[in-house]
Amino acid sequence: MSAEDKNDVVMIQLDRPRELRYGHKAIKKMLADSGSTIENIDIDNIDLEELEKYIYYGLLSDAKKNGETLELSQMEDLLDLAPNYVHITEKLTEALNIAFGGFTVPEGNPEAPAELSANGTGKNP
């Protein structure tokens with residue numbers, strides 16, 4: 001997998017470095033489980049159970065890719081293996097910003113492209 005393919009992935013250190021990613025499937029499951037909507041996600045006021053769920057859904061693709069079966073009941077112990085609580089919340093915020101088009105640009109991503117001219121060549125008239 002090239003670095004370009006990993007632009008939507010945030011690495012979180014738990015029992016091992018894990019990919020935290022919120023694709024369509026993860027977001028759909030997370031919102032259905034929480035009974036929330038995209039507009040109602042409030043990271044600043046998240047409780048610990050919601051935090052566990054949000055991280056859980058973001059880790060499912062990593063677990064699948066590594067042949068693991070990840071259960072929500074494992075999250076409490078898994079999050080205890082993080083370097084600190086700030087690491088968890090920062091990585092969650094970063095991953096959700098990437099998924100929902102937040103204002104942060106992940107390291108290694110190019111800045112927004114220059115505005116294209118009407119003919120689509122990208123050259124000035």
Side-chain angles (χ1 to χ4, degrees):
M1 184 177 280
S2 73
E4 209 171 281
D5 296 332
K6 296 180 131 299
N7 286 341
D8 62 345
V9 170
V10 171
M11 298 307 292
I12 185 169
Q13 182 62 46
L14 300 172
D15 58 329
R16 63 175 174 78
R18 290 180 177 261
E19 294 180 358
L20 187 60
R21 180 181 182 276
Y22 294 95
H24 175 77
K25 188 175 185 178
I27 293 168
K28 184 177 174 183
K29 287 180 175 184
M30 180 179 76
L31 294 177
D33 186 35
S34 69
S36 187
T37 63
I38 291 172
E39 295 81 23
N40 291 337
I41 294 176
D42 184 4
I43 295 302
D44 294 329
N45 294 308
I46 192 169
D47 69 33
L48 295 178
E49 284 188 36
E50 285 178 313
L51 176 77
E52 290 173 7
K53 288 179 183 180
Y54 285 14
I55 298 288
Y56 168 73
Y57 289 112
L59 293 177
L60 286 176
S61 63
D62 176 84
K64 182 178 180 181
K65 185 168 63 174
N66 286 286
E68 301 170 346
T69 302
L70 188 62
E71 300 293 334
L72 183 57
S73 61
Q74 296 171 290
M75 291 310 301
E76 193 174 85
D77 291 330
L78 201 55
L79 292 176
D80 274 342
L81 299 172
N84 54 56
Y85 191 75
V86 171
H87 177 75
I88 296 167
T89 58
E90 283 179 350
K91 296 301 180 177
L92 173 62
T93 301
E94 184 180 350
L96 289 174
N97 277 337
I98 291 169
F100 294 117
F103 298 107
T104 58
V105 177
E107 197 170 306
N109 279 4
E111 294 295 326
E115 195 170 313
L116 298 177
S117 67
N119 66 5
T121 64
K123 296 179 181 176
N124 291 329

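Nearest heavy-atom pair, A26 versus R21, reported as atom, atom and distance to 0.1 Å: CB-O, 4.0 Å. Residues I12 and I55 share a closest heavy-atom pair of CD1-CD1, 4.3 Å. Between Y22 and A99, the shortest heavy-atom contact is O-CB, 3.4 Å. Residues L59 and E19 share a closest heavy-atom pair of CD2-O, 3.6 Å.
Pairs passing the side chain to side chain donor-acceptor pair (under 3.5 Å) check and including a residue from residues 70-90, sequence neighbours excluded, do not occur.
Looking only at distances, no side-chain donor or acceptor of D33 sits under 3.5 Å from a matching main-chain atom of K29.
Side chains of L20 and D62 form no contact here, defined as non-hydrogen atoms less than 4.5 Å apart. Between I27 and F100 the shortest side-chain heavy-atom distance falls below 4.5 Å.
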Is there a side-chain contact (heavy atoms from CB on, under 4.5 Å) between T37 and L31? Walk through the geometry before answering. CA-CA 6 Å; T37 63; L31 294 177; 5.7 Å; no

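Under the rule for a salt bridge (Lys or Arg N to Asp or Glu O under 4.0 Å), the partners of E68 that lie at least two apart in sequence or sit in another chain are R16, R18.
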Which pairs of donor and acceptor atoms, one on a side chain in residues 45-54, lie under 3.5 Å apart (sequence neighbours left out)?
| from | atom 1 | to | atom 2 | distance (Å) |
| --- | --- | --- | --- | --- |
| N45 | ND2 | D42 | OD2 | 2.6 |
| D47 | OD1 | E49 | N | 3.1 |
| D47 | OD1 | E50 | N | 2.7 |
| E50 | OE1 | D47 | N | 3.2 |

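Under the 4.5 Å side-chain heavy-atom criterion for Ile, Leu, Val, Met, Phe, Trp and Tyr, L92 and L81 are members of the same hydrophobic cluster.
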